[in-house]
Student: 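One structure is given below, represented as structure tokens, and several questions about it will come after.
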Amino acid sequence: MGCDIHAYIEVRISDKWVLYSRPRIQRAYKLFGKIAGVRVNDEPPIVTPQGIPADVSQITQIEWNKWEPDAHHAGWLNASQIREMCEWAGEQDKEHGDWYGKWEHDELGYISGNAVYSVPGSGYPTEYQDVRMVFWFDN
């Protein structure tokens with residue numbers, strides 16, 4: 001039986017977390033290991049899963065409720081951790097071909113970099129106070 005990740009990008013606007021997008025991340029156990037130590041433990045994970053945030057967005061909460069019976073290793077990455085994950089995936093692409101490029105890390109890189117740390121007049125939304133990727137896995 002395979003393991004899949006469920007990822008939800010949330011942004012904080014006016015002190016409330018709202019769902020921004022749901023990237024499609026294909027099954028890649030080395031990536032799962034890098035994110036949270038799931039399936040592959042070749043190197044230290046970016047985070048130790050700490051559960052779903054108490055202030056999760058309403059849509060993400062609805063999805064979590066649906067998957068909770070089968071979900072495991074729930075947690076979240078903050079903006080700098082998303083950037084770390086994207087940089088790691090980019091390095092993997094260079095070393096091993098475009099396998100890690102099959103998921104939308106360009107979108108994650110945009111949202112964790114430019115959108116959160118935008119400056120007035122740059123064309124990026126300045127209303128975003130913060131960003132995170134809430135995730136869990138299922139078998």
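In what follows, every heavy atom counts, from backbone to side chain, and hydrogens, waters and symmetry copies are set aside.
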Student: As an exercise, state the distance from CD1 of Ile25 to CE of Met85, rounded to the nearest 0.5 Å.
Tutor: 5.5 Å
Student: Between Ile5 and Ile35, is a side chain to side chain contact (heavy atoms under 4.5 Å, CB included) present by the stated rule, with each step listed?
Tutor: CA-CA 10 Å; Ile5 188 170; Ile35 293 171; 3.9 Å; yes
Student: Kindly write out the residues that satisfy salt bridge (charged side-chain N to carboxylate O under 4.0 Å, His left out) with Asp4, not counting sequence neighbours, or none if the list is empty.
Tutor: Arg27
Student: Holding to side chain to side chain donor-acceptor pair (under 3.5 Å), I want the full list of residues that pass it with Asp42, two or more places apart in sequence or in another chain.
Tutor: none
Student: Please list, chain by chain and in numerical order, all residues satisfying salt bridge (charged side-chain N to carboxylate O under 4.0 Å, His left out) with Glu87, sequence neighbours excluded.
Tutor: none
Student: Just how far is it from atom CG of Leu77 to atom SG of Cys86, taken to the nearest 0.5 Å?
Tutor: 9.0 Å
Student: Got a sec, which residues hit side chain to side chain donor-acceptor pair (under 3.5 Å) with Asp55, two or more places apart in sequence or on another chain?
Tutor: Trp17, Arg132
Student: In Å, rounded to the nearest 0.5 Å, how long is the span from CD of Gln26 to CZ of Arg24?
Tutor: 6.5 Å
Student: Mind listing the closest non-hydrogen atom pair of Ala74 and Pro49 along with its distance?
Tutor: O-CB, 3.2 Å
Student: What residues, two or more places apart in sequence or in another chain, satisfy side chain to side chain donor-acceptor pair (under 3.5 Å) together with Glu43?
Tutor: Lys34, Trp88
Student: Ignoring hydrogens, what is the shortest heavy-atom contact between Pro45 and Gly37? Give both atom names and the distance.
Tutor: CB-N, 3.4 Å
Student: Go through Glu63 and His6 one step at a time and tell me if the side chain to side chain contact (heavy atoms under 4.5 Å, CB included) criterion holds.
Tutor: CA-CA 9 Å; Glu63 289 297 308; His6 300 262; over 6 Å; no
Student: Assess the residue pair Val131 and Tyr20 against the criterion (side chain to side chain contact (heavy atoms under 4.5 Å, CB included)); give the C-alpha distance rounded to whole Å, side-chain angles, the decisive distance to 0.1 Å, and a yes or no.
Tutor: CA-CA 9 Å; Val131 63; Tyr20 175 84; over 6 Å; no
Student: Considering residues at least two apart in sequence or located in another chain, which fulfil the side chain to side chain donor-acceptor pair (under 3.5 Å) criterion with His73?
Tutor: none
Student: Would Ile62 end up clustered with Ile9 when hydrophobic side chains under 4.5 Å apart are linked, directly or stepwise?
Tutor: no
Student: Just grab all the ring pair (Phe, Tyr, Trp, His ring centres under 6.0 Å) pairs involving residues 32-53, residues at least two apart or on different chains.
Tutor: Tyr29-Phe32, Phe32-Phe137
Student: Report the hydrophobic cluster partners of Ile52, with the cluster defined as I, L, V, M, F, W, Y residues connected by side-chain heavy atoms closer than 4.5 angstrom, directly or transitively.
Tutor: Tyr8, Leu19, Val56, Ile59, Trp64, Trp67, Trp76, Val134, Trp136
Student: Which residue pairs pass the salt bridge (Lys or Arg N to Asp or Glu O under 4.0 Å) test when at least one of the two sits in residues 68-82, sequence neighbours left out?
Tutor: none
Student: Is Gln81 reaching over with its side chain to a backbone N or O of Val47, donor-acceptor style, under 3.5 angstrom?
Tutor: no
Student: Contact between Arg39 and Leu31 at the side-chain level, heavy atoms closer than 4.5 Å - yes or no?
Tutor: no
Student: Please lay out, stage by stage, how His72 and Val38 fare under the test side chain to side chain contact (heavy atoms under 4.5 Å, CB included).
Tutor: CA-CA 9 Å; His72 59 89; Val38 173; 4.2 Å; yes
Student: Can you name the salt bridge (charged side-chain N to carboxylate O under 4.0 Å, His left out) partners of Lys16, sequence neighbours left out?
Tutor: none
Student: How many angstroms lie between atom OG1 of Thr60 and atom CG of Asn65, to the nearest 0.5 angstrom?
Tutor: 11.0 Å
